[in-house]
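Structure first, then comments.
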Amino acid sequence: MSTPTVLQPVNSVNNEHAIRSIVRACVGAYASGFADRHIAEHEDEDGTINMKIHNVFIAALGPEVQYFSALSRSLDSSLGFMLERMAISIAEMHYQVSQHVEGILYDKQTDAIAELLEKYKRHAAQPAAAHYTFLSALRGQSIQRRHESDYYLVDKETNHHYLIELKIGGDLDNKKARSEKEALLEQYCILTNGSTRPEDVSILFATAYNRYGEGQPWTQSRVRQYFAPEELCIGRDFWNLVCKSEQGYDIVINEYRRNVHLITEALELIKHTYLPDA
């Protein structure tokens, strides 16, 4: 059940050019849209930045702090959405990409999933992918279920299935950790109840970057309580997977840095609109 090794595509040059083109287009569209939206909201009292101006506790710190505190929250969330869309666009080059799983789920499977997650909650067992391979053999009464999914990828060459829960920065509280793993396990059962072999399905918890530093161990206890080490797809591993290239992360980061000036220029336009005298 471990994640299969990412293979370099045969035509790696074309793959790199395509990845760079997608990153460049996504950054450009994001910068333009971000600037246009906030500038258009300048006279709108319900605009993203203007809604914060009546926070007297922030306002007391001065107009620049007031402006930057509101803009930074908007930047953080919208940038995350852009990265999600960018990853999907890149993945579509090599994978069949969907954002839902639908099919038959058996009551004995849901019961077994609940028991397994309770063991994780009580620290009676450490998560391991091998723990849920038996689920596909369970039956009982069936129901039709549909699960929305962050990423459901099917490798066009190997027919391997990836069920991915993506948290851009990795933030996941205790309640969400359990519910997210439960949803992924139910999706796993739905797939394996059909024509997909259990060994052809991987469950992954992914992040767009490693909050502890690239190459450092992922130690967030809330995630590790429910996800096994082989289920972590952090930073470099995530981008290498969606790019289907061992150089995927490096290509994405390099091209992003080459075009990030578009975002900084957009931020300057917004700042000049809201703080013309700064």
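On a predicted model such as this, the values are computed, not experimentally measured, just so you know.
By the 4.5 Å heavy-atom criterion applied to side chains, Leu71 and Tyr274 are not counted as neighbours. In this structure, the side chains of Ile19 and Glu255 stay at 4.5 Å or more apart for every pair of heavy atoms. Taking the side chain as every heavy atom from C-beta outward, Glu84 and Tyr151 approach each other to under 4.5 Å. A 4.5 Å side-chain heavy-atom check between Ile251 and Asn15 finds every atom pair outside the cut-off. Put simply, the side chain of Glu157 does not reach to within 4.5 Å of the side chain of His94, judged on heavy atoms. Counting heavy atoms from C-beta on, the side chains of Asp155 and Tyr95 come closer than 4.5 Å. Counting only heavy atoms from C-beta outward, the side chains of Ile143 and Thr110 never approach each other to under 4.5 Å. Residues Gln96 and Tyr152 are not in side-chain contact: their nearest non-hydrogen atoms beyond the backbone lie 4.5 Å or more apart.
Scored by the side chain to side chain contact (heavy atoms under 4.5 Å, CB included) test, Leu269 finds Ile39 as partners (sequence neighbours excluded). Judged as a salt bridge (charged side-chain N to carboxylate O under 4.0 Å, His left out), and not counting sequence neighbours, Glu265 has no contacts. Take Asp76 and apply the side chain to side chain donor-acceptor pair (under 3.5 Å) test, not counting sequence neighbours, and it matches no residue. Residues satisfying the ring-ring contact (aromatic ring centres under 6.0 Å, His included) test with Tyr106, not counting sequence neighbours, are none. For the side chain to side chain donor-acceptor pair (under 3.5 Å) test, residues two or more places apart in sequence or in another chain that qualify with Ser74 are Arg37, His38. When the side chain to side chain donor-acceptor pair (under 3.5 Å) test is applied to Glu118, the partners found at least two apart in sequence or on another chain are Arg178.
A cation-pi arrangement is not found for Lys167 relative to Phe205, the charged atom failing to lie both closer than 6.0 Å to the ring centre and inside a 45° cone about the ring normal.
Tested against Leu163, the residues Glu186, Gln187, Glu231 include a single side chain to side chain contact (heavy atoms under 4.5 Å, CB included) partner, Gln187.
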(request) Please lay out, stage by stage, how Arg224 and Gln126 fare under the test side chain to side chain contact (heavy atoms under 4.5 Å, CB included). (result) CA-CA 9 Å; Arg224 298 294 293 264; Gln126 294 295 318; over 6 Å; no
(request) Check step by step if side chain to side chain contact (heavy atoms under 4.5 Å, CB included) holds for Asp111 and Leu138. (result) CA-CA 10 Å; Asp111 290 343; Leu138 300 178; over 6 Å; no
(request) Take Asp250 and Arg236, measure what side chain to side chain contact (heavy atoms under 4.5 Å, CB included) needs, and give me the verdict at the end. (result) CA-CA 8 Å; Asp250 295 323; Arg236 179 179 295 275; 3.1 Å; yes
(message) Please determine whether side chain to side chain contact (heavy atoms under 4.5 Å, CB included) holds for the pair Ile190 and Arg146, giving the CA-CA distance in whole Å, both sets of side-chain angles, and the decisive distance to 0.1 Å.
(response) CA-CA 9 Å; Ile190 289 170; Arg146 176 188 170 101; over 6 Å; no
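Residue Phe134 qualifies as enclosed at atom CZ: its count of foreign heavy atoms under 6.0 Å is above 12. Within 6.0 Å of the NZ atom in Lys121, the count of heavy atoms belonging to other residues, nucleotides or ligands does not exceed 12. In this structure, Glu45 places its CD atom where only 12 or fewer heavy-atom neighbours from other residues, nucleotides or ligands lie under 6.0 Å away. Environment of NE2 in His272: sparse, with no more than 12 heavy atoms of neighbouring residues, nucleotides or ligands closer than 6.0 Å.
The residues Arg20 and Glu16 are annotated as salt-bridged, a charged nitrogen and a carboxylate oxygen being separated by less than 4.0 angstrom.
If you chain together hydrophobic residues whose side chains sit under 4.5 Å apart, Ile49 and Leu275 fall into the same group.
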